[in-house]
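Just the heavy atoms: all of them, side chains too, but no hydrogens, waters or symmetry mates, feed the values below.
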Amino acid sequence: MNYPGEASYLHGHSGLLTLEIEGEPNEHGYSYACKEALKLAWEVADNFHHATVFQEGDPLLELVLAGYEKTGMKGTTDRFGKPAKALKHQLVWSFPESRVAVTKKPSTCENFCEIFYELLKDKLNIKKVTFRSSSLNCATRNY
């Protein structure tokens, strides 16, 4: 929203999130079970899977949500028969039944690093977050 040029239009990107977590190894040599870490990360990331991300204040948000309601699309995108758990955070909130997320700040790679860190920091001991949305757009933050 409010970005000059072609990026101001509704468009899409794919994203790749990489988390580096650390901790003391257990008796099996793992600091954290990979499957468990993936499960926790997916609880957040599922809100962005096949989603449209809007910035707070975007006038298209209400139109899209109303359109999904009117056409009966709302609630038909459950993944594996179970909807994502809605996000309710000061940086991002979501409408998983419509595959829509709303961010407080612009949808930059830098801001997605912050979003994922803030949503997962109490569940995983995160050392580094990298978010890539294309071959040119990438950001990394160390914690």
From the options K121, K104, K105, select the one residue that forms a salt bridge (Lys or Arg N to Asp or Glu O under 4.0 Å) with E114.
K105

Which pair of non-hydrogen atoms, one from R99 and one from H50, has the smallest distance, and what is that distance?
CB-O, 3.6 Å

Going by the rule salt bridge (charged side-chain N to carboxylate O under 4.0 Å, His left out), which residues pair with K123 if we only count those two or more places apart in sequence or in a different chain?
E43

Is the backbone of N26 close enough, under 3.5 Å, to the side chain of H28 for a donor and an acceptor to pair up by distance?
no

Would a single hydrophobic cluster contain both V100 and L87, if residues Ile, Leu, Val, Met, Phe, Trp and Tyr are joined by side-chain heavy-atom contacts under 4.5 Å?
no

Taking only residues two or more places apart in sequence, or in another chain, which ones meet E36 in a salt bridge (charged side-chain N to carboxylate O under 4.0 Å, His left out)?
none

Rounded to the nearest 0.5 Å, what's the gap from SG on C113 to CD1 on I126? Could you check?
10.5 Å

Measure across K85 and P96 and return the closest heavy-atom pair with its distance rounded to 0.1 Å.
C-CG, 4.4 Å

Gap between atom CG of D122 and atom CG of L40 - 0.5 Å precision:
11.5 Å

How far does OH of Y117 sit from CG of L124, to the nearest 0.5 angstrom?
11.0 Å

Spatial distance of atom CG (N125) from atom CG (L19) [nearest 0.5 Å]
11.5 Å

Listed partners of F48 passing ring pair (Phe, Tyr, Trp, His ring centres under 6.0 Å), at least two apart:
F112, F116

Set of salt bridge (charged side-chain N to carboxylate O under 4.0 Å, His left out) partners for K128, sequence neighbours left out:
E20

Do I115 and F54 belong together in a cluster built from hydrophobic side chains that touch within less than 4.5 Å?
no

Go through the structure and list residues passing salt bridge (charged side-chain N to carboxylate O under 4.0 Å, His left out) with E22, not counting sequence neighbours.
none

Consider only side-chain heavy atoms of I, L, V, M, F, W and Y, link residues closer than 4.5 Å, and tell whether V64 and Y9 are in one cluster.
no

Should W42 and H49 count as side-chain neighbours, where that means a heavy-atom distance under 4.5 Å?
yes

Gap between atom CG of L10 and atom CG of L63 - 0.5 Å precision
11.0 Å

Could you work out, with side-chain contact (heavy atoms from CB on, under 4.5 Å) as the rule, every residue matching L38, not counting sequence neighbours?
none

N47 and S94 have their tightest heavy-atom pair at OD1-OG, 2.6 Å

Within-4.5 Å side-chain heavy-atom neighbours: N111 and T103:
no

State yes or no: do Y32 and Y143 share one hydrophobic cluster built from I, L, V, M, F, W and Y residues joined by side-chain heavy-atom distances below 4.5 Å, directly or via other members?
yes

For residues V44 and W93: do they belong to one hydrophobic cluster (side chain heavy atoms under 4.5 Å, members Ile, Leu, Val, Met, Phe, Trp, Tyr)?
no

Do T18 and T140 have side chains that approach each other closer than 4.5 Å (heavy atoms only, starting at C-beta)?
no

For the atom pair OG (S134) and CG (L16), what is the distance rounded to the nearest 0.5 Å?
11.5 Å

Flag if over 12 foreign heavy atoms under 6.0 Å of NE2, H11:
yes

When you look at T108 and F131, which way does the side chain to side chain contact (heavy atoms under 4.5 Å, CB included) test go after all the steps?
CA-CA 9 Å; T108 64; F131 190 84; over 6 Å; no

